[in-house]
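Step one of this worksheet: look at the structure below.
The chains referred to below are lettered A, B, ... by the order of the sequence lines, with proteins before strands, and numbering in each begins at 1. Hydrogens, waters and symmetry mates play no part in the numbers below; they use all other heavy atoms, side chains included. Small disclaimer: the values here were computed from a predicted structure and weren't measured.
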Amino acid sequence: METGNLVAKVIVDVPAKDTDRTFDYLIPDSMRPWIEPGSRVAVPFGKRTVQAFVISVVPADDPPKYRMRAIQELLDLVPPLSGDLVELGKWMSERYACNQIMALQVMIPTALKGKAERYISIAEQHELTHPQRTIQPNQGDELEWALLTDDGMSDPTERRIVSFIQEKEQVPLQQLSRRFPEEAEVIKSLLRRGVLQESQVIKDKLGKKTMKSVDLAIGIDEASTALEQFSTKAQRQREVLAFLLERSEFLPLSLKEVMTSLSVSAATVKALEDKGYVLLEDVEVFRDPYRGRHFKPTEPLPLTVEQQSVYERIIRQLDTREQGAYLLHGVTGSGKTEIYLQTIQRCIKQNRQAIVLVPEISLTPQMVERFKGRFGDQVAVMHSRLSGGERYDEWRKIREGRVKVAIGARSAVFAPFRELGLIIMDEEHETSYKQEETPKYHARDVAIRRAHQHGAVVILGSATPSLESYYAARSQSNDEFAPLLLEMPTRALGNTLPEVHIMDMREELRAGNRSMFSRALHNGIAERLERKEQTVLLLNRRGHSTFVMCRSCGYVAGCPHCDISLTYHQRSNNLRCHYCGYSEPVPQTCPECGSEHIRYFGTGTQRVEEELAKLFPGIRVVRMDVDTTTEKNAHEKLLKQFRDKKADVLLGTQMVAKGLDFPDVTLVGVITADSALNLPDFRAAEKTFQLLTQVAGRAGRHQLPGEVFVQSYTPEHYSVIHASRHDYASFVREELKHRRNLHYPPYCRLILVTFSHEQLPVLVRLAENYSATLQGRARQRGWFGNMDRLTSDVLDILGPVASPISRIKNRYRFQCMIKWRGNIDAISLAQQVADEMAESAQAQKLLISLDVDPQMLM
DNA sequence: AGCACGCCGACT
DNA sequence: GTCGGCGTGCTC
């Protein structure tokens, strides 16, 4: 059959608006069987070579409509993406208003982010293999004789450079310019004249790790014979051969292992290879971050009646192989994890794979242990603490079908499984599922979308579901993606939820207690010390960081380029800006008033630790915060220390609240329950409720009953009260009322539009212009502007106002908030108006960024 | 994003 | 006079 040329439509790795579309390239015949949607290729793009992803393969137009270039290179034998992920990328680009390339890039490990490396080599016709030397008079007044080749290279510098390159065949441009730093002009001229040529190769950030392996090159019988006839002189070689025979069933062995076991050198083995007895090969090894660790195998636990009915409901759906979504609302300790495990088991039995998403912070060894214990090496784990190489290897295990389960944070939702059957999202309400950088996607929405593509089941699990999910599940709107609500109101082990006491700190103050501990919490800790039980103390300080302030005049050290206070870093003992990286030493005296009373404030955990030491001499405290968990595995070490009862108190920020499960913890204290309530965030109450509920669930999970003390300055607040009663339903009822009145999600959706520009007046004018234009367009389309109106299609735009951080890197920032609801195309209109503005000449240097369904409003 | 082309200020 | 500043336009 005569087939015409094939063309690959690709998205190039150039994140710009102009290039956010497909480009067409001819597929060379040799690559034809390999190129498919999701392949990663190198293509010539203008003067450069760039990386690109194949979106589709189509027959070429005949005759071609325009000049077309060919794909230069195929970068992976197994495509890093697949057709469905490419499609998901397209959906993300629309949903989150980002370039397609950004959406595709976020799906693959950074190790594969290839960049062009430029190599210089000698053009073939200029090879100096047989330089024909001629002597000619040089141009000029004086008669000077110069050495010339047929290249016409008269300059000795040129000759030096050319022979340097010739020796190595090709030299990375970078290396060449380092070697000849002064001769850039000469090199340029040689390139111009065609003596040298440049080639560009896409090079990945990281290669595969390989290991030398030893295998028998001959059959076992043959080897045995060879062994008998072995020369007595080569005793060491004989040993090696005998060793290999002995372990023939484990071949190939690693060279290292052979060398250490027999204490022979590599040369000995090499000699055997030369004789043709053994084979030395480079085999790929997977860097396994959990290698050498033993996970205690676990068997499925018997389910309670409650668990059983939930489990059956889910697997019934799983068995249909059609997409379905469930919101599993189960109190802390209701045994959600066991349901996850057994559902996964079912999924594996169907020959499908499962993804487990957990918030980064709760991806603790305990969590990993439970999954590795049940599914062993069928599990790949991905989290931010892994090195780039480790993450790459875990990802490859998934792509190559070597594992059946992927467990990881947000980005694991893109795990490249072929037959995805199940996606589990634990702690569904966690904000870390929203990526704050472009592409600003929400893993929950991506998960549901992806499940739809695969006919897979999604389980969203939480003790405190987000209002968005809960509302969607409860109202069972006609949204086909709305999850079905499943409730598990009782604890699996039958023990009761701990008693929660609210301590009114205003009253403590009135009673003359100026300490950070209420009298009741103080007594509680003392009792635990006596009974040799453990205490977890939580300091809720969301939205604060360690800053330097003068106690005399109130001066706070701020960044000169950004409108933000500088953060104190203990390790380097300096102040740093979180946004631009600016740093300066810690001032000894106040730059404003000269006072010496200038100190750092904020972290608080240190102060709590000091206070504990003062009140309870000899108390052993494990402090867990950003300062103590920066180094690798610190998290794990600290927890182990606490688990082994080498400490009485675990003191920390947010990170102690999640998923930890210690049998001897009978007291949980929250030192400042409501510090998040005052933040300008419509989710403040929800966040506070979630945190208090989570932390309350840490106590008394086993035989010993637990007690929780919550210290608050606003003890009458409904989030504090309902959390103390473990009453999610009442909290939701009250919170939904507020959301409805104030027109916040889940009663509408939000888009945060941020503008930035170097000049404030220009910025304000442009931001206002945007707001007005969008408003006008929305009206034209018949979308109403008043949220109060009882109509479905509404778009309201608030602002512009200065952003909470009004300047970053010397660029001023303003923002608008779009509220919308109904079956309208609000996202694409908001994006379209932004694009139009960016095109206009007066708006040059203006940056506009959209955040669809923002989690952080600051 | 790069990289080229193209048109105006401070220097050998 | 030229080196080089960065505006602007394009990439199958």
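Between the CD1 atom of Ile71(A) and the C1' atom of dT11(C) there is a distance of 16 Å, given to the nearest Å. Across the protein-nucleic acid pair, Phe45(A) atom CZ and dA4(B) atom P stand 15 Å apart, rounded to whole Å. Rounded to an integer number of Å, the gap from CD of Gln105(A) to C1' of dA1(B) is 13 Å. Atom pair Asn99(A):CG and dT11(C):P shows a separation of 18 Å (rounding to whole Å applied). The distance between atom CG of Leu173(A) and atom P of dG2(B), rounded to the nearest whole Å, is 15 Å. Residue Asp20(A) contributes atom CG, which lies 13 Å from atom C1' of dA1(B) at whole-angstrom precision. Remark: C1' of dA1(B) and CZ of Arg118(A) are 14 Å apart, rounded to the nearest angstrom. Counting to the nearest Å, the C1' atom of dC12(C) and the CG atom of Asp18(A) are 14 Å from each other.
If you check every strand for non-hydrogen atoms under 4.0 Å, Arg67(A) touches sugar and phosphate atoms only. Using a 4.0 Å heavy-atom distance criterion, Asp13(A) is classed as making no nucleic acid contact.
Nearest to the side-chain atoms of Tyr25(A) among the listed nucleotides dC12(C), dC3(B), dA1(B) stands dC12(C). Taking the side chain of Arg48(A) as heavy atoms from C-beta on, and the options dC12(C), dG2(B), dC10(C), the nearest nucleotide is dG2(B). Nearest to the side-chain atoms of Met68(A) among the listed nucleotides dC12(C), dT11(C), dC3(B) stands dC12(C). Residue Lys47(A) has its side chain nearest to dC3(B) when only dC3(B), dC12(C), dT11(C) are considered. Minimum atom distance to the side chain of Arg69(A) is reached by dC12(C), of the listed dA1(B), dC3(B), dC12(C).
For Arg40(A), the salt bridge (charged side-chain N to carboxylate O under 4.0 Å, His left out) partners at least two apart in sequence or on another chain are Asp76(A), Asp204(A).
By the 6.0 Å and 45° rule, Arg160(A) does not stack over the aromatic ring of Phe164(A).
A salt bridge links Asp853(A) with Arg95(A); the closest basic N to acidic carboxylate O contact falls under 4.0 Å.
By the 4.5 Å heavy-atom criterion applied to side chains, Trp395(A) and Leu112(A) are counted as neighbours.
In this structure, Phe23(A) does not pack face-to-face on the six-membered ring of dC12(C), missing the 5.5 Å centre cutoff or the 30° plane limit.
For the 3.5 Å distance criterion, the side chains of Gln105(A) and Asp13(A) qualify, holding a donor opposite an acceptor.
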